[in-house]
Amino acid sequence: MKHCLLCGEIIRDNISFGELISLRPISSQTICHACWSGFNRLSMPTCDGCGRKLVSQMPNPCQDCVRWRDSGLPNLTNQALFEYNAAMKDFMKQYKFNGDYRLRRVFVPELRSALAHTKRLIVPIPVSQGTLSTRGFNQVTGLLDRTHYHEVLKVTQDQKLIRQSEKNRRQRLDLIQPFELLKLQKNLIKDNPVLIVDDVYTTGTTIRHAAALLYQAGATDVKGLTLAR
């Protein structure tokens, strides 16, 4: 008997014909249908730059992406899989901040499917040693379970003074380069296209700093993939 990883309710084993022919991913079997229905998969129209959901009369690319053009950091095309809504926020709280590593299983199939045909080197965003010691895992590499990736970046500071999630927009945008390249991995990047993977795209600062280092190391092209935006 299986129980939903989020709410604890029993997950029924019988699957209807409608479910078999639907686009519902395998990941729904780790959580109940009620919990899964709270997540909103991003579909067109989305911003060509950051992958956010475009509503009403929002321009494409969105204003955030337009502002990035003059930032000095690389332009970046990011694909996001899900909207960062209330359900995703609650999921991230349980997964990242409460440290429930089992929850990676909810979205591992989603990431694996999105990355199945990429020819790019997959590079996850790292966490600091302080975060790793406290939480016990990197939430990004957890989502990449059974996917081949290369850890080429490290966080320069041992302990973050303020969590990214606790910073306001201005603090995020003012973030200095938080990463450095692992020396032994620099040659791996040169002359190759790269795909940076992160859990949530918020302002785009973190992923652009990572992209800047990868370009400096000789990457031919860098794109992003995030679970949520």
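- Not one N or O on the side chain of Tyr95 forms a donor-acceptor pair closer than 3.5 Å with the backbone of Arg104.
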Residue pair His150, Ile122: steps toward the side-chain contact (heavy atoms from CB on, under 4.5 Å) verdict: CA-CA 6 Å; His150 302 275; Ile122 299 171; 5.7 Å; no
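- Between Leu111 and Asp145 there is no side-chain heavy-atom pair separated by less than 4.5 Å.
- Listed here is the closest heavy atom pair of Val108 and Gly142: CG2-O, 3.5 Å.
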- prompt: Can Thr141 and Tyr149 be said to form a side-chain contact (heavy atoms from CB on, under 4.5 Å), step by step?
  reply: CA-CA 8 Å; Thr141 57; Tyr149 59 83; 3.5 Å; yes
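- Checking side-chain atoms of Asn138 against main-chain N and O of Ile125 turns up a donor-acceptor pair under 3.5 Å.
- Between Gly38 and Ala87, the shortest heavy-atom contact is O-CB, 3.3 Å.
- Remark: Asp221 CG is packed, more than 12 non-hydrogen atoms of other residues, nucleotides or ligands lying under 6.0 Å away.
- A 4.5 Å side-chain heavy-atom check between Arg229 and Glu83 finds every atom pair outside the cut-off.
- In this structure, Asn78 and Thr226 have side chains that are in contact, with non-hydrogen atoms separated by less than 4.5 Å.
- Linking ILVMFWY side-chain heavy atoms closer than 4.5 Å, directly or via other members, places Ile31 and Met92 in a single hydrophobic cluster.
- Partners of Asp48 under the side-chain hydrogen bond (donor to acceptor under 3.5 Å, both in side chains) rule, at least two apart in sequence or in another chain, are Asn60.
- Note that CG of Leu214 and OG1 of Thr220 are 11.0 Å apart. Values are rounded to the nearest 0.5 Å.
- Considering every non-hydrogen atom in both Cys4 and Cys7, the closest pair reads SG-N, 3.4 Å.
- Of the N and O atoms on the side chains of Thr134 and Thr131, not one donor lies less than 3.5 Å from an acceptor on the other residue.
- A 4.5 Å side-chain heavy-atom check between Leu195 and Leu121 finds every atom pair outside the cut-off.
- Looking at residues two or more places apart in sequence or on another chain, you find no ring pair (Phe, Tyr, Trp, His ring centres under 6.0 Å) involving His3.
- With hydrogens and angles disregarded, no donor-acceptor distance shorter than 3.5 Å links the side chain of Thr77 to the backbone of Lys223.
- When all heavy atoms of Ala80 and Gly51 are compared, the pair lying nearest together is CB-O, 4.1 Å.
- There is no path of hydrophobic side-chain contacts, each under 4.5 Å, that joins Leu54 to Trp68.
- Using a 4.5 Å heavy-atom cutoff, the side chains of Arg12 and His33 are in contact.
- Between the Thr118 side chain and the Arg120 main chain, a donor and an acceptor come within less than 3.5 Å of each other.
- Panel note: side chain Tyr215, backbone Val222; a donor-acceptor pair is recorded below 3.5 Å.
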task: For side-chain contact (heavy atoms from CB on, under 4.5 Å), just list the numbers for Arg41 and Glu110, CA-CA rounded to whole Å, side-chain angles, deciding distance to a tenth of an Å, and then say yes or no.
output: CA-CA 10 Å; Arg41 188 184 299 276; Glu110 295 289 339; 3.0 Å; yes
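- Distance CD1/Ile189 to CG/Leu181: 7.0 Å, rounded to 0.5 Å.
- Hydrophobic clustering, with ILVMFWY side chains joined whenever heavy atoms are under 4.5 angstrom apart, groups Leu73 together with Val194.
- Atoms CG and OG, from Leu81 and Ser43 in turn, are 12.0 Å apart once rounded to the nearest 0.5 Å.
- Side-chain contact between Lys119 and Pro193 is absent, with no heavy-atom pair separated by less than 4.5 Å.
- Evaluation of the ring pair (Phe, Tyr, Trp, His ring centres under 6.0 Å) rule for Phe39 yields Trp36, Phe107 as partners, not counting sequence neighbours.
- Gln29 has its side chain within reach of Lys2: a pair of non-hydrogen atoms, C-beta onward, lies under 4.5 Å apart.
- At least one donor-acceptor pair closer than 3.5 Å links the side chain of Gln177 to the backbone N or O of His209.
- Sorted by first then second residue, the salt bridge (charged side-chain N to carboxylate O under 4.0 Å, His left out) pairs that include residues 176-200, not counting sequence neighbours, are Lys96-Asp199, Lys154-Glu180.
- Residues Val155 and Gln129 are not in side-chain contact: their nearest non-hydrogen atoms beyond the backbone lie 4.5 Å or more apart.
- Here Tyr101 pairs with Phe137 under the ring pair (Phe, Tyr, Trp, His ring centres under 6.0 Å) rule; sequence neighbours left out.
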- prompt: What's the verdict on side-chain contact (heavy atoms from CB on, under 4.5 Å) for Asp64 and Arg52, showing C-alpha distance, side-chain angles and the deciding distance?
  reply: CA-CA 10 Å; Asp64 283 349; Arg52 77 188 302 170; 3.1 Å; yes
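- With sequence neighbours left out, the ring pair (Phe, Tyr, Trp, His ring centres under 6.0 Å) criterion links His117 to no other residue.
- Hydrophobic clustering keeps Ile196 apart from Leu42 (ILVMFWY residues linked when any side-chain heavy atoms are closer than 4.5 Å, directly or through intermediates).
- Judged purely by atom type and a 3.5 angstrom limit, Asp100 uses its side chain to pair as donor or acceptor with the backbone of Arg102.
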